[in-house]
2 protein chains.
Amino acid sequence: MEHQQLSAANIGISDDIQWLSQFGASASGGVTRLLYTKEWMDAQLAVKKKMEAFGLETAFDDVGNVFGRLNGTESPDEVILTGSHIDTVIDGGKYDGAFGVLAGMLAIRHLHETCGRPKKTLEAVSLCEEEGSRFPITYWGSGNITGAFSLSDAETPKDASGISLREAMRQNGFGAGRYPAPLRTDIKAFLEIHIEQGQTLERSGKDIGIVTGIAGQRRYTVTLDGECNHAGTTSMKWRKDPLAAGSSIIHELMLSAERQPEELRLTCGKMTVEPNMANVIPGRIQFSVDIRHPEEDVLAAFHQKLVSIVENISRSKGVRPVIDEYMRIEPVQMNQTLTRTAAEAAKEQGADPEKIVSGAGHDAQMLGRTFPACMLFVPSRGGISHSPLEFTPAHQLETGVLTLANVLHKLAY
Amino acid sequence: MEHQQLSAANIGISDDIQWLSQFGASASGGVTRLLYTKEWMDAQLAVKKKMEAFGLETAFDDVGNVFGRLNGTESPDEVILTGSHIDTVIDGGKYDGAFGVLAGMLAIRHLHETCGRPKKTLEAVSLCEEEGSRFPITYWGSGNITGAFSLSDAETPKDASGISLREAMRQNGFGAGRYPAPLRTDIKAFLEIHIEQGQTLERSGKDIGIVTGIAGQRRYTVTLDGECNHAGTTSMKWRKDPLAAGSSIIHELMLSAERQPEELRLTCGKMTVEPNMANVIPGRIQFSVDIRHPEEDVLAAFHQKLVSIVENISRSKGVRPVIDEYMRIEPVQMNQTLTRTAAEAAKEQGADPEKIVSGAGHDAQMLGRTFPACMLFVPSRGGISHSPLEFTPAHQLETGVLTLANVLHKLAY
């Protein structure tokens, strides 16, 4: 394929993003498509239909992932897969996930039209869950492809109204053997393109980011029990004030995080205070700690740091601490051969790609544990995501799709 | 009067506290008597009736304070006033306020029975508001006696259901000129006895506290506006995290408070975080700051300290601070002659009195700005107050009433 052929094309990605955003459109201009709801199923069926219009052979699997396939001429059993997800958070944006699904389909159509049939099989995919907004489970779609999850994991998770994941699947005809089992072994590479959800590209003025790894996450709830008391009559030296202790802990954690490598992210985003009255020394506080880094060793070391800061300060302030680690997701490195190929493709597209560690989770994190995987980022204005305000200009979306097409070309033709 | 006569008496204060607690009794064993409610009015009328049974001449004033008077034989126009309040917080205890009202009545009856008529007039009072639990105004009863408030101040304050203070007064027959105006100029001394609401007496093992001054209070709401963002994708160095800034501010304030004189009390009791999600850097937090000290200079200096800590840390963390001072109550010193008299009386009662600065507000704080005033404290178990768990053993209550009677004797006989 001539590079000029790709760069000259007008892919029309902006129109398709606008088109898909009608499914589950919210009053605020955002989108709400929770897994296995009518809005989500309508969108997934619309994507399937569009794949067919693009000349792809389509199929659901038994969890609800939908694939659009362009068979390879030489090694049809070797699949280069690309896509993302169309489920959203409540009142999310038009770009998160959706862009990657549509970009994959458009890139394959464009390659087909421009370069004919590939040697290896190209598949676009709309994965059936990534956000975990309806059920307390993330990467359900991609996890069933890798074998990290199986249908038996669908019994326990329930949504806010008590409907189980299994029941929600049944309502859409999934999970009953009507479609092929989702587990796959034929995937030779997975490529996902996504808005950055951060400001690295915007600040550096670059159009394409190449993800080298996706950070691991640990999340904790820290509870500090002290002694509720009268604000006026209790001497400072007799207090067991959990908010004073918690403030010192967060202060110390932030100082400690600043001394760590740049990729470390530490967030205390949630705090509750009891009884939460201006003239009463609190009796108990709870706060969240979210730690992310692309290396497991750094996370493990910071875990120890957290424990020692919480314990030392609690002891000196006379409060009783409990640290509950309720989430641990290990980091994943992207495939180095693929990231090199992607960087080349981006340069051919005229973009000077920026290497980025993703602090947010993505389907490529799950698929990348089993298959060679790679991610491309396009800028997102102000780094805003999960909001109706998500926005990426059309020319940057186009550059993204064309870069993705170029990578697919290098892998499949 | 012989001191033996007083110390030998069994005043019966515990029974009367139990009796009064039936008015507005709550399911949890506490008491709820909000100003001008039926529960409060029933209790105030019951107090009036008991004053009459004690041989006192009773009268309401036009805000609802009720007085029980024992006229002096030589200087009837010189009044020694003693009492407290019977309004409570929601689900408060049996002792706060009520003890002082009943102790005053019982002490006067006891003096009358033991020593006959005083030279100066003795008056017991049940003041009509101290807590400010129903309306956003405190010391309404005592403030109308001193002239700090007048009936025209009753138009604005409204309770949670929108009823104005004025309307609530009308519902009970007050504020319409049916009773004498509350303003007084004939008070030569005011004495209030109260549970400590702190642990000073309990820790020192003493039965009587003599209040030397009541701390001034300043209350603030500090708002910090930052930038809400993704916990995983936003570099630590680009964050404008108001919870990180607020934690450093509270940490610094507490360090600063520890370097101040022992009487300083600094409390951050309330905090709200927006949007309050574990994986989102907060956009805004608000927290309360409550500062108390018996000297205005110390409060003014700490105010400056607060402003500079908030501004410096906010600047370095990139958040925008607003400090709203929504309450300022000046400290008041108790009358030194009266505190000496009270200390003498306590020693005669066999108590080794402890000098205490009250960190809590009391009616004596309002009355003490205009008239010579003095307060006695009895211990309160665990320093607990504003709770059904309030408790003071009978023998300590008795010692309190007898000490109060002894002070009244020194002043009026």
Side-chain angles (χ1 to χ4, degrees), chain A residues 196-200 203 215 217 219 221 229-239 241 243-244 246-254 257-258 260 262-273 275-282 285 287-290 292 358-361 383-386, chain B residues 196-200 203 215 217 219 221 229-239 241 243-244 246-254 257-258 260 262-273 275-282 285 287-290 292 358-361 383-386:
Chain A
E196 186 199 338
Q197 303 179 271
Q199 299 181 45
T200 311
R203 283 173 187 259
Q217 293 184 33
R219 284 196 207 157
T221 299
N229 233 321
H230 193 295
T233 61
T234 314
S235 166
M236 296 308 285
K237 65 175 185 277
W238 295 333
R239 294 181 178 211
D241 180 345
L243 184 53
S247 297
S248 295
I249 288 168
I250 294 173
H251 172 79
E252 203 57 53
L253 283 173
M254 293 294 165
E258 283 164 18
Q260 303 293 320
E262 140 73 19
E263 291 80 10
L264 187 102
R265 306 283 148 84
L266 166 71
T267 306
C268 299
K270 190 172 177 182
M271 184 182 286
T272 54
V273 177
N276 212 31
M277 292 165 68
N279 60 345
V280 178
I281 301 161
I285 73 162
F287 60 95
S288 63
V289 180
D290 175 306
R292 307 192 193 196
S358 175
I384 293 166
S385 72
H386 290 185
Chain B
E196 186 198 338
Q197 302 179 270
Q199 298 181 45
T200 312
R203 283 172 187 262
Q217 292 185 33
R219 283 195 206 159
T221 300
N229 232 322
H230 193 295
T233 60
T234 315
S235 166
M236 297 308 286
K237 64 176 185 277
W238 296 333
R239 295 181 178 212
D241 180 343
L243 184 53
S247 297
S248 294
I249 288 168
I250 295 173
H251 173 79
E252 204 55 55
L253 282 173
M254 292 293 164
E258 282 165 19
Q260 303 293 318
E262 139 74 19
E263 291 81 9
L264 187 103
R265 306 283 149 81
L266 166 72
T267 305
C268 300
K270 191 174 177 178
M271 182 180 286
T272 54
V273 178
N276 212 30
M277 291 165 69
N279 60 346
V280 178
I281 302 162
I285 72 161
F287 60 94
S288 63
V289 180
D290 175 307
R292 308 191 193 197
S358 175
I384 294 166
S385 71
H386 291 185

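The analysis underlying the following values was restricted to heavy atoms, covering all of them including side chains, and did not include hydrogens, waters or symmetry mates.
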For a 4.5 angstrom cut-off between non-hydrogen side-chain atoms, does [X] reach [Y]?
X: A:N279; Y: B:R292; result: yes
X: A:I285; Y: B:M271; result: no
X: A:N229; Y: B:Q199; result: yes
X: A:H386; Y: B:V280; result: no

Can you say whether B:E263 sits under 4.5 Å from chain A via the side chain, the backbone, both, or neither, judging by heavy atoms? neither

Tell me, side chain or backbone of B:T234 under 4.5 Å from chain A's heavy atoms, or both, or neither? backbone

For A:R219, give me all partners under salt bridge (Lys or Arg N to Asp or Glu O under 4.0 Å), at least two apart in sequence or on another chain. A:D290

Would you confirm whether [X], through its side chain, and [Y], through its main-chain N or O, come within 3.5 Å as a donor-acceptor pair?
X: B:R265; Y: A:A231; result: no
X: A:T233; Y: B:A360; result: no
X: B:S247; Y: A:I250; result: no

Interface check, chain B: of A:G383, A:A257, A:C268, most non-hydrogen pairs under 4.5 Å belong to A:C268

Specify which of A:Q260, A:H230, A:M254, A:E196 makes the most heavy-atom pairs with chain B at under 4.5 Å. A:H230

Minimum-distance pair of heavy atoms, taken over all atoms of [X] and [Y]:
X: B:A278; Y: A:S288; result: CA-OG, 3.5 Å
X: A:L264; Y: B:M236; result: O-CG, 3.3 Å
X: A:L266; Y: B:R239; result: O-NH1, 3.0 Å

Once you round to the nearest 0.5 Å, how far does CD1 of B:I249 lie from NE2 of A:H251? 11.5 Å

Most contact-rich option vs chain A, by heavy-atom pairs under 4.5 angstrom, among B:G232, B:S248, B:G198, B:G359, is B:G232

Who wins among B:S385, B:P282, B:S358, B:G361 for the most heavy-atom pairs under 4.5 Å with chain A? B:P282

Holding to side chain to side chain donor-acceptor pair (under 3.5 Å), I want the full list of residues that pass it with A:T272, two or more places apart in sequence or in another chain. none

Side chain, backbone, both or neither: which part of A:E252 has an atom under 4.5 Å from a heavy atom of chain B? neither

